[in-house]
Amino acid sequence: MAPVAPRSGDAIFANVERVNAELFTLTYGAIVRQLLTDLEEVEEVNKQLDQIQDILMWKGERWRNWGYNIGIRLIDEFLAKSNVSRCIDFKETAEVIAKVGLKMFLGVTANVGNWDAEGTTCSLILEDNPLVDFVELPDTCQGLYYCNILSGVIRGALEMVSMKTEVTWVRDMLRGDDAFELQLKLLKQVPEEYPYKDDE
């Protein structure tokens with residue numbers, strides 16, 4: 001019988017190298033602050049933290065698809081270290097993200113709920129969000145989805161395992177809501193393409 005993966009993520013989190021949480025939080029805050037300074041428009045910063053396609057020339061460097069690009073790289077590490085086998089459906093995938101993935105990389109878990117009848121849309125309600133420690137949004141930034149990078153990370157990671165998704169913030173405590181809630185919507189299951197044909 002194959003070994004069962006630690007579904008809670010606690011064992012993985014205990015063995016993963018981590019950086020100081022405060023350093024991570026403050027560095028992320030500095031990046032968001034610099035984007036606000038350079039781009040001046042809150043909506044443009046929201047897009048840049050999550051965006052899929054556009055490339056922005058920023059201080060002579062190419063910054064592209066922040067969250068999305070992080071997600072397509074993190075999925076490799078997740079699959080290598082988590083020992084999680086292929087999920088059978090989107091519901092199992094959401095549970096693995098909530099209990100293993102978020103725990104492995106952020107040290108937090110989420111509750112999965114608000115499923116639609118088709119089982120293609122759900123919400124991840126974060127119990128804690130380390131990205132927002134020390135953060136207060138000024139009145140000029142009330143439209144900012146400060147943690148929009150997380151939606152891009154999840155979307156990028158899911159695309160690498162053949163799931164085209166839409167990930168959006170529904171509730172955000174920095175914007176006055178009572179919780180941090182991400183909505184995951186499965187748009188389509190992309191069939192896997194192999195680089196070779198069986199008959200060759």
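- Taken together through direct or relayed side-chain contacts under 4.5 Å among Ile, Leu, Val, Met, Phe, Trp and Tyr, L74 and M104 form part of one hydrophobic cluster.
- Atoms OG1 and CG, from T93 and L186 in turn, are 8.5 Å apart once rounded to the nearest 0.5 Å.
- The shortest distance between side-chain heavy atoms of L174 and N129 does not fall below 4.5 Å.
- The shortest distance between side-chain heavy atoms of L144 and L36 falls below 4.5 Å.
- Shown here is R33, whose CZ atom has no more than 12 heavy atoms of other residues, nucleotides or ligands within 6.0 Å.
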Run the side-chain contact (heavy atoms from CB on, under 4.5 Å) check on T121 and W115 step by step: do they pass? CA-CA 6 Å; T121 303; W115 283 100; over 6 Å; no
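- Atom CG of residue L79 and atom CZ of residue R86 lie 10.0 Å apart, to the nearest 0.5 angstrom.
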Given side-chain contact (heavy atoms from CB on, under 4.5 Å), test F78 with V96 step by step and report yes or no. CA-CA 11 Å; F78 173 77; V96 169; 3.5 Å; yes
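- For the pair E181 and R171, the salt-bridge criterion is met [side-chain N within less than 4.0 Å of a carboxylate O].
- Taking CG from L184 and CG from L124, the interatomic distance works out to 4.5 Å, rounded to the nearest 0.5 Å.
- I97 and I72 fall within a single hydrophobic cluster, where Ile, Leu, Val, Met, Phe, Trp and Tyr side chains are chained together by heavy-atom contacts under 4.5 Å.
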In sequence, state the C-alpha distance, the side-chain angles, and the governing distance for L182 and V170, and then conclude on side-chain contact (heavy atoms from CB on, under 4.5 Å). CA-CA 6 Å; L182 277 167; V170 177; over 6 Å; no
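- Here the CZ atom belonging to F180 is positioned 10.5 Å from the CG atom belonging to D178, to the nearest 0.5 angstrom.
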Apply the test side chain to side chain donor-acceptor pair (under 3.5 Å) to residues R175 and Y146: give CA-CA distance (whole Å), side-chain angles for both, the deciding distance (0.1 Å), then the verdict. CA-CA 9 Å; R175 300 177 79 180; Y146 183 81; over 6 Å; no
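- Note that CZ of R155 is 7.0 Å distant from NZ of K164, once rounded to the nearest 0.5 Å.
- Closest non-hydrogen pair, V100 versus S82, comes out as CG1-CB, 4.2 Å.
- Without hydrogens or angle criteria, W169 side chain to S151 main chain gives no donor-acceptor distance under 3.5 Å.
- Across all non-hydrogen atoms, the minimal contact from A94 to V112 is O-CG2, 3.7 Å.
- Both M160 and F90 are part of a single hydrophobic cluster, where members link through side-chain heavy atoms under 4.5 Å apart.
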Check step by step if side-chain contact (heavy atoms from CB on, under 4.5 Å) holds for N111 and K99. CA-CA 8 Å; N111 294 316; K99 304 298 184 216; 3.6 Å; yes
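- Taking both residues in full, the closest heavy atoms of N114 and I125 are given as ND2-CD1, 4.4 Å, listed atom of the first, atom of the second, then distance.
- Contact annotation: the side chain of I154 never approaches that of T165 to less than 4.5 Å [non-hydrogen atoms, C-beta and beyond].
- Crowding of E41 atom CD: a count of heavy atoms from other residues, nucleotides or ligands under 6.0 Å not exceeding 12.
- If you take CG on L187 and CD on E159, they are separated by 10.0 Å, rounding to the nearest 0.5 Å.
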